[in-house]
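To start, the structure under review is shown below, and the notes come after it.
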Amino acid sequence: KLFCSERMKSLSCLNWIELNQDAKNHEIFHKLSSLKTESILFMMSATNDDTAQKTISRFYTTLKNETCILSGKDLVDMGLEPGPVIGKILTRILNRRLDGEIKTLDEE
């Protein structure tokens, strides 16, 4: 059931990866992060494109586990008002972390 329900989504993501081989890490992360492990493995087996396989592998082994060091509570403690802006800030920080532009808590 899982395979059938996610197959089309997986194939769509695989097609996107094959067409966007210069995609940034944060784009790959957001494209694949909602997929289940079985779908990720299906995508790797469904392509003969070495670059796409490496991209999927990089997502699964490295990118999917990346998180911000700062939390929403940290931002509130710094004086920001609670609300949607905090989520937007954390997403931008995560994107920069995924792309290797931010590496430390001080940089965040």
Side-chain angles (χ1 to χ4, degrees):
K1 287 181 181 181
L2 171 68
F3 177 76
C4 291
S5 68
E6 291 219 354
R7 183 172 182 259
M8 293 308 294
K9 185 176 178 182
S10 300
L11 290 173
S12 174
C13 288
L14 177 57
N15 184 54
W16 181 87
I17 288 170
E18 290 174 344
L19 294 174
N20 294 280
Q21 293 190 357
D22 60 343
K24 292 187 175 194
N25 284 340
H26 80 270
E27 295 170 312
I28 296 162
F29 175 87
H30 293 293
K31 194 73 172 173
L32 301 182
S33 62
S34 67
L35 296 176
K36 300 194 180 310
T37 298
E38 294 86 350
S39 298
I40 301 291
L41 296 174
F42 166 71
M43 288 171 32
M44 286 188 72
S45 68
T47 186
N48 293 322
D49 185 320
D50 288 341
T51 303
Q53 285 180 341
K54 288 177 185 175
T55 298
I56 297 164
S57 178
R58 184 173 71 248
F59 166 78
Y60 190 75
T61 60
T62 306
L63 300 178
K64 78 174 189 133
N65 297 315
E66 192 66 57
T67 60
C68 296
I69 299 170
L70 285 175
S71 69
K73 181 183 180 321
D74 294 327
L75 295 177
V76 170
D77 290 347
M78 290 178 195
L80 286 161
E81 292 292 322
V85 72
I86 289 179
K88 290 177 184 179
I89 291 169
L90 291 173
T91 297
R92 291 189 71 192
I93 291 170
L94 177 60
N95 289 348
R96 293 190 62 200
R97 180 172 281 286
L98 288 163
D99 292 341
E101 298 169 16
I102 293 176
K103 294 180 175 53
T104 67
L105 175 60
D106 286 341
E107 291 173 330
E108 283 192 10

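Numbers here simply count residues along the sequence, with the first being 1. In this text the structure is predicted, and so the values were computed from the model without any measurement.
Every pair passing salt bridge (charged side-chain N to carboxylate O under 4.0 Å, His left out) that includes a residue from residues 72-87 is listed here, sequence neighbours excluded: K73-D77. Applying the salt bridge (charged side-chain N to carboxylate O under 4.0 Å, His left out) rule to pairs touching residues 48-57 yields nothing, sequence neighbours excluded.
L98 and I102 are members of different hydrophobic clusters when ILVMFWY side chains are connected at heavy-atom separations under 4.5 Å. By the criterion of side-chain heavy atoms lying less than 4.5 angstrom apart, applied directly or through intervening Ile, Leu, Val, Met, Phe, Trp or Tyr residues, L75 is grouped together with L105 in one hydrophobic cluster. Cluster membership for L41 and L35, using ILVMFWY side-chain heavy atoms within less than 4.5 angstrom, is not shared.
Between the NZ atom in K88 and the OG1 atom in T91 there is a gap of 9.5 Å [rounded to 0.5 Å]. Within the model, atoms CD of E27 and CG of L63 stand 12.0 Å from one another, a figure rounded to the nearest 0.5 Å. Once rounded to the nearest 0.5 Å, the distance linking OG1 of T51 with CG of D22 reads 11.0 Å. Between the CG atom of L32 and the CD1 atom of I17 there is a distance of 4.0 Å, given to the nearest 0.5 Å.
The nearest pair of heavy atoms linking N95 to H26 is OD1-CB, 3.5 Å. Between E108 and L70, the shortest heavy-atom contact is OE1-N, 2.8 Å. Taking both residues in full, the closest heavy atoms of T47 and Q53 are given as O-NE2, 2.9 Å, listed atom of the first, atom of the second, then distance.
With contacts defined as side-chain heavy-atom distances shorter than 4.5 Å, the pair S39/K9 does not qualify. The side-chain heavy atoms of L94 and F29, taken from C-beta on, include a pair separated by under 4.5 Å. Contact annotation: the side chain of R58 approaches that of T55 to within less than 4.5 Å [non-hydrogen atoms, C-beta and beyond].
E66 pairs with exactly one of K103, R96, R97 by the salt bridge (charged side-chain N to carboxylate O under 4.0 Å, His left out) rule, that one being R97.
Side-chain atoms of S45 come within 3.5 Å of backbone N or O of F42 as a donor-acceptor pair.
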